[in-house]
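In what follows, every chain begins at residue 1, and chains take the letters A, B, ... in the order their sequences are listed.
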Amino acid sequence: MLDIQQLRSNLDAVAEGLAKRGKPIDFTAFRTLEAERKTLQTRTQDLQAQRNSLSKQIGMLKGQGKDASEVMAQVGALGDELKASEARLGELLTEFNAILATLPNIPDDTVPVGADETANVEIKRWGTPKTFDFAVKDHTDIGEGLGQLDFVTAAKISGARFSLLKGGIARLHRALAQFMLDTHTTRHGYTEVYAPYLVNAASLFGTGQLPKFEEDLFKVLRGDQDPLYLIPTAEVPVTNIVRDEILAAEALPLKLVCHTPCFRSEAGSGGRDVRGMIRQHQFDKVELVQVVHPDQSAAAHEELTGHAEAILEALGLPYRRVVLCSGDMGFSAAKTYDLEVWLPAQDTYREISSCSNFGAFQARRMQARFRNEKNKPELCHTLNGSGLAVGRTLVAILENNQRADGSVEIPEALRPYMGGLELLAPTR
RNA sequence: GGAGAGGUGGCAGAGUGGUCGAAUGUACCUGAUUCGAAAUCAGGCGUACUGCAAGGUACCGAGGGUUCGAAUCCCUCCCUCUCCGCCA
């Protein structure tokens, strides 16, 4: 959420910043509301002040056993106007909040301006894609060839966009998550967290998935009770740990890592990546989350992205880092680096991690604060990034480490997690 | 799922219609005392909006209602605890 003060005092600058995202926002409604709000709010508060002081007099008179009917008549005279302006003010504030809740974050000054992914800027490349002396297969063919990846049965059990892993591939999937968690906790200073997979609407509002993106979520209805939602990312439960909290300055930075399944309805992704494991309704991800002092978020963003890159490097997977342009960034982000891993079957780099700095945007929605040098509550900055998407990492290993006979070499870093196994061979 | 109790400031905890944004304790900050500290004493100490300021307004789990006036009464929801049942 943006700072309402900023919108009031410097709307042009806000509009200019948001316009970088490519869809200029019409603020005429906001201006109209704001013009009405100011006078209405002072008038309402003035009436409330009169009512409060008169009511206090009634109390005093009655306490002294005196007649209060004259003062009561005075208060009664305020009634209609007070009621009307309170109601109107309530409406106005509701409309303000609705507008505010749907405004995306303002891109950071260092973000390249552009309309879509074609304007993203590659800023780093690591590793050299392997050359194969045979026709490379994609991960679906490799996995099905091994007899360890089964989309047909997954479709029978659940439907499209689910996968069933078996044997070595299932174990590799588990090994990847363990390896990532161990690396981030022992080498990068994160605290491991296990968090709920079902969350309430307030949490999703806090990180920015609600109210605008409800159709992307799986919603669980429970009769009369409030619905719960399956998490689309561990970012939601983990970041919301600090919702409505005022942290001691010494508690920052908070560095948390969490492995969860993620559930996305993929509404509107129609037809894209239907084959294979790239885009699923359910996938595992190891998520890095940091809550930091506002002065530190830019540095933390670089650091966190480096932590995700370390996993790719340890696995020997070629990748590149891209800074997303203003038009390609997510709703809540001020700046985002995507890490893209090389997929030989697609002959291209594909997103495997997205690392974002949200500035105070999420913290303001969540009211996540810390006590600053003056002992005053101040909004934290939040960041997160995939470290990494487990399913896509599995895909990358299958494709990059495939051999002519259909087997797949297991990266050395993972072998301790695979009982020393060096090769995924076909299940007989 | 059944029965009951309860949600108040950083924490504990009083307050059951009026002078309550809220006693008291504790924690914290400042000052006095001290060589220094402890103890003691004095003062300060919630969040947000608004105003040059004085001040004003809102907030006692959330949302509605009753009333001239609600932390306090009523309704709905959320959460916590205790006992029973069920269960990995």
**Message:** Let's test this: given Watson-Crick or G-U wobble pairing with both distances under 3.5 Å, identify the partner of B:U67.
**Reply:** none

**Item:** Residue matched to B:C41 through Watson-Crick or wobble contacts both under 3.5 angstrom
**Value:** B:G31

**Request:** Return no unless some side-chain N or O of A:Arg8 is found under 4.0 Å from OP1 or OP2 of B:U50.
**Result:** yes

**Message:** By nearest atom, which of the nucleotides B:G51, B:G56, B:U47 is closest to the A:Arg371 side chain?
**Reply:** B:U47

**Item:** Nucleotide forming a Watson-Crick or wobble pair with B:U19, both distances under 3.5 Å
**Value:** none

**Item:** Candidate list A:Glu303, A:Lys255, A:His301, test side chain to side chain donor-acceptor pair (under 3.5 Å), partner A:Gln290, passing option
**Value:** A:Glu303

**Message:** Between B:U80 and B:A62, how far apart are the two C1' atoms, rounded to whole Å?
**Reply:** 15 Å

**Complete:** Considering only heavy side-chain atoms of A:Gln5, the closest of B:C49, B:A48, B:G51 is B:C49

**Message:** If I pick the C1' atom on B:C60 and the same atom on B:G51, what distance separates them, to the nearest angstrom?
**Reply:** 26 Å

**Request:** May I ask which nucleotide in the shown strands pairs with B:G85, Watson-Crick or G-U wobble, both distances under 3.5 Å?
**Result:** none

**Request:** Quick one: look up who B:U47 pairs with, Watson-Crick or G-U, both distances under 3.5 Å, and put none if it's unpaired.
**Result:** B:A58

**Asked** According to the Watson-Crick and G-U wobble definitions, with both distances under 3.5 Å, which nucleotide is paired to B:U80?
**Response** B:A5

**Message:** At less than 4.0 Å, is any side-chain N or O atom of A:Lys83 found next to OP1 or OP2 of B:U67? Yes or no.
**Reply:** no

**Message:** In this structure, is the centre-to-centre distance between the rings of A:Phe331 and A:Phe213 below 6.0 Å?
**Reply:** yes

**Asked** Closest nucleotide of RNA chain B for A:Arg222 versus for A:Arg369: which of these residues is on the 5' side?
**Response** A:Arg369

**Asked** How is A:Asp46 classified with respect to the nucleic acid when contacts are heavy atoms under 4.0 Å: base, sugar-phosphate, or nothing?
**Response** nothing

**Fill in**
Between the CG atom in A:Leu78 and the CG atom in A:Asp46, the distance rounded to the nearest 0.5 Å is 9.5 Å

**Asked** Is the Lys NZ or Arg CZ of A:Arg365 less than 6.0 Å from the centre of A:Phe205's six-membered ring, within 45° of the axis?
**Response** yes

**Prompt:** Where along residues 48-61 of chain A does a heavy atom come under 4.0 Å from RNA chain B, residue by residue in number order?
**Reply:** A:Gln48, A:Ala49, A:Arg51, A:Asn52, A:Ser55, A:Lys56, A:Ile58, A:Gly59

**Asked** For A:Gln74, which contact category applies under a 4.0 Å heavy-atom criterion: base, sugar-phosphate, or nothing?
**Response** nothing

